**Student:** 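To start, I am sharing the structure in question, which I have written as C-alpha cells.
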Amino acid sequence: MKRLGVNIDHIATLRNARGELHPNPLFAAKFAKNAGADSITIHLREDRRHINDIDAKKICSIKNLLVNLEISTNSEIVKIALKLKPDFVCIVPENRKEITTEGGLNLKKNKSKIKKIISKFANKNIRTSLFINPSLSDIKIAKELKTDCIEIHTGHLANLVKSKKNFSKEFQRIKKSSKLANNLGIEVHAGHGLDYKTTKILTKINEIQEFNIGHYLIGESVFYGLNKIIKIFKKIIKV
Ligand code: PXP
C-alpha cells in the first residue's frame with residue numbers, strides 16, 4: 001500500500017498572515033490524521049516562515065501520529081530536531097530566498113556533513129530520508145551515506161505535466177532512480193509540486209512507497225471546504 005504524507009506547512013503560512021492563532025497547525029495535524037493521512041510533514045525552516053518551534057514541539061508530541069520533520073543541514077536545526085524526536089526526518093536543501101524547496105540536495109558536496117547527521121538520527125532510531133533529484137549517481141551516494149529512504153524531487157516532472165510538455169524522459173529518470181534505490185534497499189518516496197494528475201502518473205512506479213503532498217492538497221481543501229463553511233455562516237446570520 002502506498003502511503004500519503006500530508007504537508008501542513010501552509011496552514012501555518014495562513015495563520016502567520018494574521019499573526020494570530022487560527023488556523024492552528026496542531027489542529028490540522030490531528031484533522032489530517034483522522035481523515036486518513038499516513039503521516040504529517042512539517043518543515044522547520046531556518047527562517048521559521050511557517051511552522052515555528054512551538055508548533056513543531058506540540059505536533060511531535062501528539063500521540064499515535066507519525067511526524068516527518070523536514071530539516072536543513074544547519075547545525076542548530078539538527079540539534080532542535082534531535083530534541084524533538086520526530087518519527088522521521090527528511091533532510092532538504094534550504095535557501096533563504098527560495099519560495100519553496102527548489103531542487104534536491106547536493107550530496108556530492110555535502111557527503112561527510114550529511115553522513116554525520118544521518119548517523120545522529122539513526123542512533124535515536126529516527127528514520128532518515130534525503131530529498132534528492134532523480135539521479136543514479138545521487139542514489140549511489142545516498143546508499144554510501146546509509147540513509148533509510150530517499151524522497152525524489154518531482155518538481156520538474158510536475159512542471160512539464162502542468163505545461164503540457166513531454167514528460168516521458170523525466171518520468172523514466174524517476175523510474176530508473178526508484179528501481180536502483182529499491183534494489184539497494186533504500187525506501188523510495190516522492191514529493192514536490194504534485195497534483196491529482198502527476199500523482200496518478202507516478203503511481204505507475206511500483207517502487208514509490210510514499211507521496212508527500214502539501215500545496216495542492218491544502219489548496220484543493222479550500223474549495224471543498226468553502227461550500228460547508230458558507231452554509232454555516234448563512235445559518236448564523238439568519239435571524
Ligand atoms: N517533499 C519535500 C521534501 C518538500 O520540501 C516539499 C515542499 O515543502 C514537499 C514534499 C511538498 O511539496 P508541495 O507543497 O509542492 O506539495
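In this text, all values refer to a predicted model and were calculated from it rather than measured experimentally. Order of listing sets the numbers, starting from 1, for every ligand and every atom in it.
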**Student:** Checking a contact table here: which protein heavy atom is nearest atom 16 (O) of ligand 1, and how many Å away?
**Tutor:** Gly214 N, 2.8 Å
**Student:** For atom 15 (O) of ligand 1, what's the nearest protein heavy atom and its distance?
**Tutor:** Gly193 N, 2.8 Å
**Student:** Do you see a donor-acceptor pair shorter than 3.5 Å between the side chains of Ser168 and Asn166?
**Tutor:** yes
**Student:** Geometry only, no angles: is Tyr216 polar-contacting ligand 1 at N/O separations under 3.5 Å?
**Tutor:** no
**Student:** Using a 3.5 Å cut-off on N or O atoms only, is Glu70 in polar contact with ligand 1?
**Tutor:** yes
**Student:** Look only at interatomic distance and state if Glu151 has a nitrogen or oxygen under 3.5 Å from any nitrogen or oxygen of ligand 1.
**Tutor:** yes
**Student:** Tell me which protein heavy atom sits closest to atom 12 (O) of ligand 1, plus the residue, atom name and distance to 0.1 Å.
**Tutor:** His192 CA, 3.5 Å
**Student:** Salt bridge or not for Arg48 and Asp53, using N-O below 4.0 Å?
**Tutor:** yes
**Student:** Which residue holds the protein heavy atom closest to atom 14 (O) of ligand 1, what is that atom called, and what is the gap in Å?
**Tutor:** His215 N, 2.8 Å
**Student:** For residues 229-239, which residue pairs qualify under salt bridge (charged side-chain N to carboxylate O under 4.0 Å, His left out), counting only residues two or more places apart or in two chains?
**Tutor:** none
**Student:** Go through the side-chain N and O atoms of Asn7 and Thr41 and say whether any donor and acceptor fall under 3.5 Å apart.
**Tutor:** no
**Student:** Is there a donor in the side chain of Glu151 and an acceptor in the side chain of Asn212, or the other way round, less than 3.5 Å apart?
**Tutor:** yes
**Student:** Just verifying a value: how many Å separate Phe88 CZ and Thr128 OG1, rounded to the nearest 0.5 Å?
**Tutor:** 11.0 Å
